Amino acid sequence: MDAIKMNTFDTIAIEFDLTRHHVKQIALEELSIDTQNKNKVYWVHSNLKQSEAYAQIVKILKLPEEVMKLCEENNLTNLIDNDNALSLQIKCLASLELNEDKEITLDNLILHLTANYCFTASTTSLPVLFEFFNSCAKSIHYAKTSCFILFLFLEGIINDYARIIFLYEEIAEQLEDLLQTTNENIYKEVAEVKHQTLQIKRYMMAIREVLMRITTRNISVVSEKCRSSLSNLSNHSHLIINDADSIRELLNSLLGQIDNELMQKMSKTMAILTAFASIFLPLTLITGIYGMNFEWMPELHWKYGYFGALGLIFFCALFLIFLFKKKKWM
């Protein structure tokens with residue numbers, strides 16, 4: 001393999017010699033694809049923000065309109081296949097690290113596969129690009145067609161999701177431990193992790209659907225060996241979806257525990273408020289009765305009437321407090 005390098009995020013073209021197992025980087029000006037030569041295949045990646053280089057690639061590769069349309073749109077996972085090409089638009093991770101709010105960042109990757117080349121395009125620097133760049137030299141020894149490029153990219157995308165789902169599994173376990181050891185309200189954190197896990201599951205299900213469509217159709221640019229390998233990737237994506245479901249069940253259990261604790265605290269608070277209301281109810285009744293200014297009230301001219309009323313109030317209050325404490329309502 002010749003000494004080649006990839007900038008942080010740049011347009012690049014690499015030539016693979018399948019017979020000599022040789023890899024080299026070439027300039028766009030030197031890129032010339034001989035459709036009759038099956039021994040050489042190419043990977044061409046376009047930074048869509050570099051409009052001049054993208055226009056040059058479109059001209060060299062003669063990209064069809066549907067591929068250019070995919071590059072312009074920001075849709076969810078999509079698949080277009082015809083007699084001699086396969087085009088994909090896939091949501092993949094733009095970073096293998098979570099942001100401060102424990103959220104993932106995503107971006108689209110466009111893949112257009114023919115018998116002679118695989119064209120990819122994105123607007124941001126994607127981890128899967130560097131993963132492919134670092135692994136393609138080793139994989140060239142086993143490559144028979146250009147389909148190996150598609151396989152490596154899909155494998156990298158799925159592996160990235162597997163790494164992130166493992167991070168969320170660790171976060172879910174940490175939240176579970178935190179719930180058992182502290183009274184801190186972590187409902188918002190648990191709900192956000194659940195939302196992110198469901199988002200990963202949704203995109204993984206879309207990728208699995210794409211893999212199933214590729215492996216069950218007779219697409220000329222996808223060899224039988226590659227179809228078998230993609231079928232294994234479909235099984236891997238299914239395992240990631242199952243992991244996402246397991247994490248979701250754990251988070252649902254945590255949310256249920258938090259709701260139960262909140263309901264218990266609310267019930268205790270309502271019991272205390274009810275007890276205080278019950279204490280003041282008879283006191284209010286007594287003061288209301290003796291606050292009436294009727295002329296013929298037997299206790300109105302009683303020498304000890306005021307003290308008797310106060311004594312009755314204190315007696316009722318102390319009796320109810322004693323009763324509620326005995327029943328542990330306070």
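The residues of the chain are indexed from 1 along the displayed sequence. What you see is a predicted model; the values in this text were computed from it and never measured. Only this structure's heavy atoms are used, side chains among them; waters, hydrogens and symmetry mates stay out.
Under a 3.5 Å cut-off, the side chain of Gln196 and the backbone N or O of Ile104 do form a donor-acceptor pair. A donor-acceptor pair under 3.5 Å is absent between the side-chain atoms of Asp101 and the main chain of Glu103, judged by distance alone. Between the side chain of Ser146 and the backbone N or O of Thr114, at least one donor-acceptor pair lies under 3.5 Å. At distances below 3.5 Å, not a single donor-acceptor pair connects side-chain atoms of Arg248 with backbone N or O atoms of Leu198. With Ser237 contributing its side chain and Met204 its backbone, the two residues share no donor-acceptor pair below 3.5 Å. Using a distance-only test at 3.5 Å, with no hydrogens or angles considered, no donor-acceptor pair links the side chain of Ser231 to the main chain of Arg227. Side chain of Ser228 to main chain of Glu224: no donor-acceptor pair is present (N/O by atom type, distance under 3.5 Å, no hydrogens or angles). Between the side chain of Asp17 and the backbone N or O of His21 there is no donor-acceptor pair closer than 3.5 Å. Judged by distance alone, with hydrogens and angles left aside, the side-chain atoms of Gln89 form a donor-acceptor pair with the main-chain N or O of Leu70 at under 3.5 Å.
For His236, the NE2 atom sits in a packed shell: over 12 heavy atoms of surrounding residues, nucleotides or ligands are nearer than 6.0 Å. Within 6.0 Å of atom CE in Met68, more than 12 heavy atoms from other residues, nucleotides or ligands are found, so the atom counts as buried in its surroundings. Other residues, nucleotides and ligands contribute at most 12 non-hydrogen atoms within 6.0 Å of the CD atom of Glu97.
For the pairing with Leu109, the side-chain contact (heavy atoms from CB on, under 4.5 Å) check across Leu88, Leu126, Leu93 returns one residue only, Leu126. Of the listed residues (Leu86, Leu113, Leu152), just one forms a side-chain contact (heavy atoms from CB on, under 4.5 Å) with Cys118, and that residue is Leu113.
Gln56 and Glu52 share no side-chain donor-acceptor pair at under 3.5 Å. No side-chain donor-acceptor contact under 3.5 Å links Gln174 and Glu189. Side-chain contact, Thr123 with Asp107: a donor N or O sits under 3.5 Å from an acceptor N or O.
The line from CZ of Phe166 to CD1 of Ile247 is 10.0 Å long, rounded to the nearest 0.5 Å. Between atom CG of residue Leu283 and atom CG of residue Leu310 there is a gap of 11.0 Å, rounded to the nearest 0.5 Å. Atoms CG and NZ, on Asp245 and Lys201 in that order, are 3.5 Å from each other to the nearest 0.5 Å. Distance check: Ile258 CD1 to Lys188 NZ gives 13.5 Å after rounding to the nearest 0.5 Å. If you take CZ on Arg208 and CZ on Arg213, they are separated by 14.0 Å, rounding to the nearest 0.5 Å. A distance of 11.5 Å separates OG1 in Thr216 from CG in Leu230, rounded to the nearest 0.5 Å.
Across every non-hydrogen atom of Thr11 and Gln50, the tightest pair is OG1-OE1, 2.6 Å. In this structure, Thr124 and Leu129 approach most closely via the heavy-atom pair O-CD1, 4.5 Å. Heavy atoms only, all atoms of each residue included: Leu79 and Asp81 are closest at CD2-OD1, 3.5 Å. Taking both residues in full, the closest heavy atoms of Lys91 and Leu106 are given as CD-CB, 4.4 Å, listed atom of the first, atom of the second, then distance. The two residues Tyr161 and Cys92 have their closest heavy-atom pair at OH-CA, 3.8 Å. Scanning all heavy atoms of the two residues, the minimum distance from Glu66 to Ile80 falls at CB-CD1, 4.0 Å.
Leu255 places a side-chain heavy atom less than 4.5 Å from the side chain of Tyr187. In this structure, Lys38 and Asn116 have side chains that are in contact, with non-hydrogen atoms separated by less than 4.5 Å. Contact of the Ile165 side chain with the Thr197 side chain is registered, since non-hydrogen atoms from C-beta on lie closer than 4.5 Å. Looking at heavy atoms from C-beta onward, Ser32 lies out of side-chain contact with Asp34 at the 4.5 angstrom threshold.
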task = Could you please spell out the steps behind the side chain to side chain contact (heavy atoms under 4.5 Å, CB included) verdict for Leu150 and Leu154?
result = CA-CA 6 Å; Leu150 173 68; Leu154 291 176; 3.9 Å; yes

task = For Ile164 and Asp160, run side chain to side chain contact (heavy atoms under 4.5 Å, CB included): C-alpha distance rounded to whole Å, both residues' side-chain angles, the deciding distance at 0.1 Å, then the answer.
result = CA-CA 6 Å; Ile164 289 296; Asp160 288 346; 5.8 Å; no

task = Please step through side chain to side chain contact (heavy atoms under 4.5 Å, CB included) for the pair His45 and Ser122, ending with a clear verdict.
result = CA-CA 8 Å; His45 176 73; Ser122 64; 3.4 Å; yes

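A salt bridge is defined here as a Lys NZ or Arg NE, NH1 or NH2 lying under 4.0 Å from an Asp or Glu carboxylate O, and Arg163 with Glu131 meets this definition.
In this structure, Phe132 has its ring center under 6.0 Å from that of Trp43. Ring centers of Tyr42 and Phe119: at least 6.0 Å apart, outside the cut-off.
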